[in-house]
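All residue numbers in this chain count up from 1 along the given sequence.
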Amino acid sequence: MNTPVWHPYAHLKTQTPAPKVVGGDGAHFVLESGERLLDATCSWWCMIHGYGHPRLVSAIREQAGELCHVMLGGLTHDPADQLARELVRITPAGLNHVFYSDSGSVGMEVAMKMALQYQVLTGNPGKQKMLSLMKAYHGDTTGCMAVCDPEEGMHSLFASLLPQHHFAPAPTAPFDATAEQVEHDLSALRRVFERHHDEIAALLMEPLLQAAGGLNMTSPDYVTGARELCDEFGVLLIFDEVATGFGRTGKLFAADHAGITPDIMVLSKGLTGGYLGHAATLATDRVHDAFIGDTSQHAFMHGPTFMGNPLACRVALESLRVFEEENYLDKIAKLSQQLQRELLEDQALNAHPAVADVRVLGATAVIEAHSAEALKGVGDFARERGVWLRPIGRWLYTMPAYITSEAEISQITDVMKAWFSRS
């Protein structure tokens, strides 16, 4: 029977019925057919504890018996207050203020509005545009589409709807780049600042790992240099850590690799362990305090209905406790070492004529093919072998749950390699 559900990113003419998920445990989800599939994508990178984690499920149940939802306008509640304090504690020093929303995309919309209003309130009304990077992806809402890569991104159809912003070349220097490689990238970024800084409110960046735009990985020194350029030209720095936050790059936040604090940071996905949609946009005192004043312009006019939802805040708190108590950063380090051994150091894979590059950062590994055509059919191929893989264009990647076992990681990497060695 056909379902009325309209699935995302689907070509409706050729779409086949989606398999129905009826449950999950650990790193696997279970289909109605009885198949158990090892989820190599962490359900779009958010289910960091896997499925059916007893502590997270219990936290939701307990909170549901107390308070499921209440508006945050003019009210507050313990889960929202406690989570805000925890986020301030664990994020880079100085991010002392937390604004909630209900998804990563909306969290980025909040960040952009916050940056623009900050510039107006501090006497820079001409700073009305954002600076983004090529290969960027920040979400599918209208404001976010305008700061995604305008050439290789997925939103070209909507160009007439979108405001025009500035873009700098995507960084090319890898994570372990030389000083010369990083300087080449920073010089390109500087040239954009020099030409347009008088109209740029903020630089938006997915630090170290540009995710959906091609899983591009770059150096912490590039991030540090970007911070310095923002300070030099009076531009705010916004980190989109929706995908990179909560351990994905090997540290709790990608910003920690560079040891810097952005002016604004956006968190989602792993924030709740993937169990409920939620996001947080954090700001420094500098940004927050600019909104203290007597005029109507000083109020920040944004308020998603489900911001600070008690269920989401409660499960986020439990997710953070599990992360710390069970030393997840150690788990991620071991997982990363295994991905490097099994993919990055595989000479046959790297030499395969269909493979353009293999790279690993933290709990993320990607095999970049020369074309998307080279990956056609890989999803069905993986499913036949008990693994759920969903490539992005020409990038075959894994972002597994952090609880994925060594044997399960090998199962994922074996399938990825088998795809390229099948003929």
- Message: Applying ring pair (Phe, Tyr, Trp, His ring centres under 6.0 Å) to F253 and F239, what does each step give before you reach the verdict?
- Response: CA-CA 10 Å; F253 301 102; F239 275 180; over 10 Å; no

- Begin with the C-alpha distance, continue with both residues' side-chain angles, and end with the deciding distance and a verdict on side-chain contact (heavy atoms from CB on, under 4.5 Å) for E199 and H166. CA-CA 10 Å; E199 58 182 14; H166 296 293; 2.5 Å; yes

- Does a salt bridge link R89 with E324, judged by any charged N lying under 4.0 Å from a carboxylate O? yes

- Do R227 and D263 sit within salt-bridge range, that is, some charged N less than 4.0 Å from a carboxylate O? yes

Acceptor/donor pairs from residues 106-122 side chains to any protein atom, 3.5 angstrom cut, sequence neighbours excluded:
residue	atom	partner	partner atom	Å
E109	OE2	T141	OG1	2.6
E109	OE2	G143	N	2.9
E109	OE2	C144	N	3.2
K113	NZ	M301	O	2.9
K113	NZ	H302	ND1	2.9
Q117	NE2	Q297	O	2.5
Q117	NE2	A299	O	2.9
Y118	OH	R286	NE	3.0
Q119	OE1	N124	ND2	3.4
Q119	NE2	A201	O	3.0
Q119	NE2	G234	O	3.4
T122	OG1	Y118	O	2.8
T122	OG1	Q119	O	3.3

- Residue set satisfying ring-ring contact (aromatic ring centres under 6.0 Å, His included) with F233, at least two apart, ordered chain then number -> F193, H197

- Query: What about the rings of Y275 and H49, do their centers lie closer together than 6.0 Å?
  - Reply: no

- Message: Check this for me: E406, atom CD, are more than 12 non-hydrogen atoms of other residues, nucleotides or ligands nearer than 6.0 Å?
- Response: no

- Task: Report, as yes or no, whether the 6.0 Å neighbourhood of atom CD on Q15 holds more than 12 heavy atoms from other residues, nucleotides or ligands.
- Result: yes

Whether the [X] and [Y] side chains hold a donor-acceptor pair (N or O, under 3.5 Å, no angle test) is what I'd like checked.
{"X": "S410", "Y": "E342", "value": "yes"}
{"X": "H298", "Y": "T295", "value": "yes"}
{"X": "H257", "Y": "T249", "value": "yes"}

